[in-house]
Amino acid sequence: MDFGISGKTALVTGATVGIGLAIAEGLAREGVHVIITGRSQERIDAALNQLKKKVPSAKASGIPADHGTAEGARAVTDKFPEIDILVNNVGMYKPVEFADITDADWEQIWDVNVMSGIRLCRYYFSKMLKKNWGRVIFISSESGVNVPAEMVHYGVTKTAQLALSRGMAELTKGTNVTVNSVLPGPTMSEGVETFVEDMAKSQKKTRDQVQKEFFENVRPSSLIARFASVEEVANMVVYTCSQAASATNGAALRVEGGCVRSIT
């Protein structure tokens with residue numbers, strides 16, 4: 001299926017590994033010029049090499065940026081002033097007891113997970129409206145709906161992204177610009193893979209055993225009863241970026257394997 005976005009330019013933040021890199025790869029396969037960001041030039045170069053091995057025809061570039069700061073956002077917009085698609089993927093998480101989450105912790109996770117998207121949208125969104133075409137995607141999480149007790153601050157930022165996405169969508173009325181959020185669930189990203197491997201070694205179990213116990217005890221509501229692949233999440237994002245998704249706007253699209261039991 002031709003998604004109708006060949007020749008467009010997309011910025012995918014936090015895209016040197018995991019879901020972000022899979023999104024960049026999926027868009028590159030559609031003929032999109034992909035711009036990725038990461039924490040260092042070394043990580044960006046490695047990601048670009050990997051991307052071009054998988055998609056030899058890929059048009060891709062990158063820039064190191066600290067998305068927790070206004071200066072980081074400005075560095076990106078100064079170098080790449082014109083894009084058609086913005087995927088706000090960069091994020092951080094850390095299990096911490098609620099009483100132990102300091103003001104500095106709250107400020108850091110808010111800046112990285114929420115303000116990073118706000119800063120970039122503040123620059124690019126008006127340009128999309130002026131051109132009368134654009135796609136903005138926030139990579140939220142099922143934790144934005146099922147706020148995890150072990151990292152409340154993370155859940156709060158993911159809920160905020162849902163509100164931000166819907167609020168911005170209201171500003172697109174009558175245009176060809178859409179704003180949506182995508183909610184992954186437990187996904188076999190780089191960090192999760194390391195976690196599973198460490199658990200398997202420490203408990204002297206196989207990866208399959210650790211995964212099985214995770215979905216029996218931690219996410220028993222999951223209908224697929226396994227970790228999603230980063231490609232499965234990326235597939236939803238690529239579709240949402242496409243012309244085929246032109247009537248999908250202001251939506252919270254789930255790729256969480258049925259963990260969330262509500263129908264709204």
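In the model, Asn249 has no side-chain atom that pairs as donor or acceptor with a side-chain atom of Thr178 under 3.5 Å.
Residue pairs meeting the side chain to side chain donor-acceptor pair (under 3.5 Å) criterion with at least one partner in residues 254-263, sequence neighbours excluded, are Arg254-Ser262. Residue pairs meeting the ring-ring contact (aromatic ring centres under 6.0 Å, His included) criterion with at least one partner in residues 117-138, sequence neighbours excluded, are absent. Residue pairs meeting the side chain to side chain donor-acceptor pair (under 3.5 Å) criterion with at least one partner in residues 45-57, sequence neighbours excluded, are Gln41-Asp45. The stretch residues 1-15 participates, sequence neighbours left out, in no side chain to side chain donor-acceptor pair (under 3.5 Å) pair at all.
Applying the ring pair (Phe, Tyr, Trp, His ring centres under 6.0 Å) criterion to Phe214, with sequence neighbours excluded, gives Phe227. Every side-chain hydrogen bond (donor to acceptor under 3.5 Å, both in side chains) that Ser61 has, sequence neighbours left out, goes to His33.
A donor-acceptor pair is defined here as one N or O able to donate and one able to accept, closer than 3.5 Å; no such pair exists between the side chain of Asn132 and the backbone of Val177. A donor-acceptor contact shorter than 3.5 Å is absent between the side chain of Ser181 and the backbone of Leu162. Although no hydrogens or angles enter the test, the distance criterion places no donor-acceptor pair under 3.5 Å between the side chain of Thr240 and the main chain of Val238. Side chain of Asn180 to backbone of Ala252: no donor-acceptor contact under 3.5 angstrom is found. With hydrogens and angles disregarded, a donor-acceptor distance shorter than 3.5 Å links the side chain of Thr157 to the backbone of Tyr154. A donor-acceptor pair under 3.5 Å links the side-chain atoms of Asn89 to the main chain of Gly14, judged by distance alone. In this structure, Arg135 contributes its side chain and Asp84 its backbone to no donor-acceptor pair below 3.5 Å. Remark: side-chain polar atoms of Thr187 are not paired, donor with acceptor, to backbone N or O of Ser189 under 3.5 angstrom.
Looking at Arg39 and Asp66, their side chains never come closer than 4.5 Å, going by heavy atoms from C-beta outward. Inter-residue side-chain proximity for Tyr93 and Ser143 is flagged as unmet; no heavy-atom pair is nearer than 4.5 Å. Contact annotation: the side chain of Met128 never approaches that of Thr172 to less than 4.5 Å [non-hydrogen atoms, C-beta and beyond]. By the 4.5 Å heavy-atom criterion applied to side chains, Ile118 and Arg122 are counted as neighbours. In this structure the side chain of Met115 never reaches within 4.5 angstrom of the side chain of His67, judged on heavy atoms. Side-chain contact between Glu107 and Thr102: absent, with no pair of heavy atoms (C-beta onward) separated by less than 4.5 Å.
A salt bridge links Arg166 with Glu170: the closest approach of a Lys/Arg side-chain nitrogen to an acidic carboxylate oxygen falls below 4.0 angstrom. Note on Glu71 versus Arg119: no salt bridge recorded, every NZ/NE/NH1/NH2 to OD/OE distance being 4.0 Å or above. Between Lys205 and Glu213 there is a salt bridge, since a side-chain N of the basic residue sits under 4.0 Å from a carboxylate O of the acidic one. Taking 4.0 Å as the cut-off between side-chain N and carboxylate O, Lys94 and Asp105 do not count as a salt-bridged pair.
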Residues Arg29, Glu25; criterion salt bridge (charged side-chain N to carboxylate O under 4.0 Å, His left out); working and verdict:
CA-CA 6 Å; Arg29 291 187 188 282; Glu25 180 184 335; 2.7 Å; yes
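The NZ atom of Lys79 sits 12.0 Å away from atom CG of Leu11, with the distance rounded to the nearest 0.5 Å.
Here the shortest heavy-atom pairing between Gln161 and Ile139 reads OE1-O, 3.2 Å.
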